[in-house]
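First comes the structure, then the notes that go with it.
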Amino acid sequence: MIELIQKIGRGAEKLVEYLLFASLGGMVFLVFVNAVLRYIFNEGFAPSEELARYLFVWAVFLGAITAYKDNKHIAVNLITARLKGLPKKIIELAGYMLVLVAAGVMIKGGLEFTQQSISSLGPATGIPFSFITFSYVLATVFIGAMTLGRIVNVIRKGGV
């Protein structure tokens, strides 16, 4: 069972990396094409600016997932770096529990905001604004799931 969960996790990580690559690549492509059109034809393609903005937001949240997976977020470990054994385990678990509480609040608020923004359409593309707000919810779900995995690792092995 654990192997299946780990395999699903690795697949999800790869999916996030591919989506991040696609969003960054798409953003660069759209901005480049629009710059060329403005330079050569003196006229831009308005939807490309909006799409690039949407892809930028997705890149930010997909990058947040990747950074959390690799422990690259800002962390204050002044105390925990000096602790060992049970006290360190308790502090780590408390921190992860706070992350889960925050993730729960963020998911609830994010889902409500996503539902409210379905009817708001982008002026140039007509894409619902919920396309952007869902990236926030998705990132929070992934970070919450990774936090659960870290809690299990701390309980089982004593560390991430």
Side-chain angles (χ1 to χ4, degrees), residues 1-27 30 49-160:
M1 180 68 170
I2 292 175
E3 290 177 19
L4 176 64
I5 293 172
Q6 289 174 338
K7 189 173 183 180
I8 291 170
R10 284 190 300 272
E13 289 172 5
K14 282 292 181 198
L15 176 64
V16 167
E17 289 173 3
Y18 289 135
L19 288 173
L20 179 57
F21 176 76
S23 65
L24 287 171
M27 185 175 57
L30 287 169
E49 293 178 24
E50 189 173 310
L51 284 172
R53 216 173 310 128
Y54 283 15
L55 290 174
F56 176 73
V57 172
W58 271 91
V60 166
F61 286 109
L62 293 169
I65 295 169
T66 305
Y68 190 77
K69 173 188 69 94
D70 296 336
N71 282 324
K72 299 293 183 186
H73 279 285
I74 296 173
V76 179
N77 63 353
L78 183 68
I79 296 171
T80 56
R82 297 174 185 198
L83 293 175
K84 292 180 177 145
L86 186 61
K88 183 174 184 168
K89 195 183 239 190
I90 290 171
I91 297 293
E92 283 181 343
L93 287 174
Y96 289 140
M97 294 307 285
L98 288 173
V99 171
L100 281 181
V101 169
V105 170
M106 291 168 67
I107 289 170
K108 182 182 181 306
L111 286 173
E112 289 172 2
F113 189 52
T114 299
Q115 288 174 339
Q116 291 172 358
S117 62
I118 287 175
S119 60
S120 298
L121 303 177
T125 61
I127 295 174
F129 191 67
S130 58
F131 175 75
I132 292 177
T133 58
F134 184 70
S135 64
Y136 169 81
V137 175
L138 185 70
T140 308
V141 167
F142 269 83
I143 289 171
M146 286 186 279
T147 302
L148 284 173
R150 290 179 182 186
I151 289 172
V152 170
N153 284 341
V154 168
I155 292 171
R156 287 181 142 197
K157 300 176 186 172
V160 180

On a heavy-atom basis, which atom in [X] and which in [Y] lie closest, and how many Å separate them?
| X | Y | answer |
| --- | --- | --- |
| Lys89 | Val154 | CE-O, 2.9 Å |
| Thr80 | Lys88 | O-CE, 3.6 Å |
| Arg150 | Lys69 | NH2-O, 3.5 Å |
| Gly63 | Leu20 | N-CD1, 4.0 Å |
| Ile65 | Ile143 | CA-CG1, 4.5 Å |

Kindly compute the distance separating CG (Leu30) from CD (Glu50), expressed to the nearest 0.5 Å. 11.5 Å
Nearest 0.5 Å please: distance from the CD1 atom of Ile107 over to the OG1 atom of Thr114. 11.0 Å
Give every residue pair that meets the salt bridge (Lys or Arg N to Asp or Glu O under 4.0 Å) criterion with at least one member in residues 102-115, sequence neighbours excluded.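 Output for this query lists Lys108-Glu112.
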Classify the ring geometry between Tyr54 and Phe129 as parallel (under 30°), tilted (30 to 60°) or perpendicular (over 60°). perpendicular
Check against side-chain contact (heavy atoms from CB on, under 4.5 Å), Val16 and Glu13: CA-CA 5 Å; Val16 167; Glu13 289 172 5; 5.8 Å; no
Could you list the residues that satisfy side chain to side chain contact (heavy atoms under 4.5 Å, CB included) with [X], not counting sequence neighbours?
| X | answer |
| --- | --- |
| Ala67 | Lys72, His73 |
| Tyr18 | Lys14 |
| Pro128 | Leu121, Ser130 |

Review item, side-chain donor-acceptor pairs of residues 134-141, under 3.5 Å, at least two apart:
residue: Ser135; atom: OG; partner: Ile132; partner atom: O; Å: 2.5
residue: Thr140; atom: OG1; partner: Tyr136; partner atom: O; Å: 2.8

Any non-hydrogen side-chain atom of Thr125 less than 4.5 Å from a side-chain atom of Arg53? no
Side chain to side chain, Ile90 and Leu83, heavy atoms closer than 4.5 Å: no
So with a 6.0 Å cut-off around CZ of Phe131, is the heavy-atom count from everything else above 12? yes
Let me have the donor-acceptor pairs involving side chains of residues 98-106, under 3.5 Å, with sequence neighbours excluded, atom names and distances please.
none

